Chemist: 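Got a structure here, written out as structure tokens. Questions coming.
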Amino acid sequence: MSWFYLFIAGVFEVGWAVGLKYTEGFSKPLPTVLTVAAMAVSLWMLGLALKELPIGTAYAVWTGIGTVGTAILGIYLFNDPATVVRLACIGLIVAGIVGLKLVA
């Protein structure tokens, strides 16, 4: 169950990271409230996952999910560049997440 909690925590990390863009410096109330709520859920789920998972593994996977998801949504939603090198680096992060899952 802890890996499920960690995955959900990562998804909500993507939500708050992307949400930061929509808050426009915390000047828009609804996006700000949703972003802060996503932060709280993300940290809560990470805390639940840490009951059973090693901190180094859980934190690396959490940030990895957040990084990959945010980078992909940045490409999709905000027209961030999708260069071959950028996509290859995202692939390396995914490989690291999978590797950590396999050895934990």
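Keep in mind that this is a model prediction, so the values were computed, not measured. When a residue number appears, it is its place in the shown sequence, counting from 1.
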Chemist: Given side-chain contact (heavy atoms from CB on, under 4.5 Å), test Val41 with Trp16 step by step and report yes or no.
Modeler: CA-CA 10 Å; Val41 172; Trp16 71 256; over 6 Å; no

Chemist: Under 4.5 Å between side-chain heavy atoms, hopping through other hydrophobics if needed: is there a path connecting Ile55 to Met45?
Modeler: yes

Chemist: Considering non-hydrogen atoms only, spot the tightest contact between Pro29 and Ser27 and give its length.
Modeler: CD-O, 3.7 Å

Chemist: Kindly compute the distance separating OG1 (Thr70) from CG (Leu20), expressed to the nearest 0.5 Å.
Modeler: 9.0 Å

Chemist: Do Met39 and Thr35 have side chains that approach each other closer than 4.5 Å (heavy atoms only, starting at C-beta)?
Modeler: yes

Chemist: Tell me whether Val33 is reachable from Phe26 by hopping between hydrophobic residues (I, L, V, M, F, W, Y) whose side-chain heavy atoms are closer than 4.5 Å.
Modeler: no

Chemist: Run the numbers on Leu77 and Tyr22 for side-chain contact (heavy atoms from CB on, under 4.5 Å), then give the verdict.
Modeler: CA-CA 11 Å; Leu77 296 173; Tyr22 289 106; 3.9 Å; yes

Chemist: Within a strict 4.5 Å, meaning less than it, do heavy atoms of the Pro81 and Arg86 side chains meet?
Modeler: yes

Chemist: Taking side chain as C-beta onward, heavy atoms only, is Val14 less than 4.5 Å from Thr67?
Modeler: no

Chemist: CD1/Ile97 to CG/Leu100 distance, rounded to the nearest 0.5 angstrom?
Modeler: 8.0 Å

Chemist: Would you say Val68 ends up clustered with Ile8 if hydrophobic residues are merged whenever their side chains have heavy atoms under 4.5 Å apart, either directly or through other cluster members?
Modeler: yes

Chemist: Measuring from atom CD of Glu13 to atom CG of Leu6, what distance do you get when rounded to the nearest 0.5 angstrom?
Modeler: 10.0 Å

Chemist: Return the minimal non-hydrogen interatomic distance between Ala58 and Leu50, and the atom names on each side.
Modeler: CB-CD2, 3.4 Å

Chemist: What are the two closest non-hydrogen atoms of Ala49 and Ser2, and how far apart are they?
Modeler: CB-O, 3.4 Å

Chemist: Taking all non-hydrogen atoms of both residues, which atom of Ala82 and which atom of Ile75 are closest, and how far apart?
Modeler: CB-CG2, 3.8 Å

Chemist: Specify the closest pair of heavy atoms between Ser42 and Ala9, including all atoms of both residues, with the distance to one decimal.
Modeler: OG-O, 2.8 Å

Chemist: What about Trp3 and Leu43, same hydrophobic cluster or not, with Ile/Leu/Val/Met/Phe/Trp/Tyr joined at side-chain heavy-atom distances under 4.5 Å?
Modeler: yes

Chemist: Distance check, rounded to the nearest 0.5 Å: Trp44 atom CH2 versus Tyr5 atom OH?
Modeler: 7.5 Å

Chemist: Specify the closest pair of heavy atoms between Gly15 and Ala38, including all atoms of both residues, with the distance to one decimal.
Modeler: C-CB, 4.4 Å

Chemist: Under a 4.5 Å side-chain heavy-atom rule over Ile, Leu, Val, Met, Phe, Trp and Tyr, are Ile65 and Leu102 clustered together?
Modeler: yes

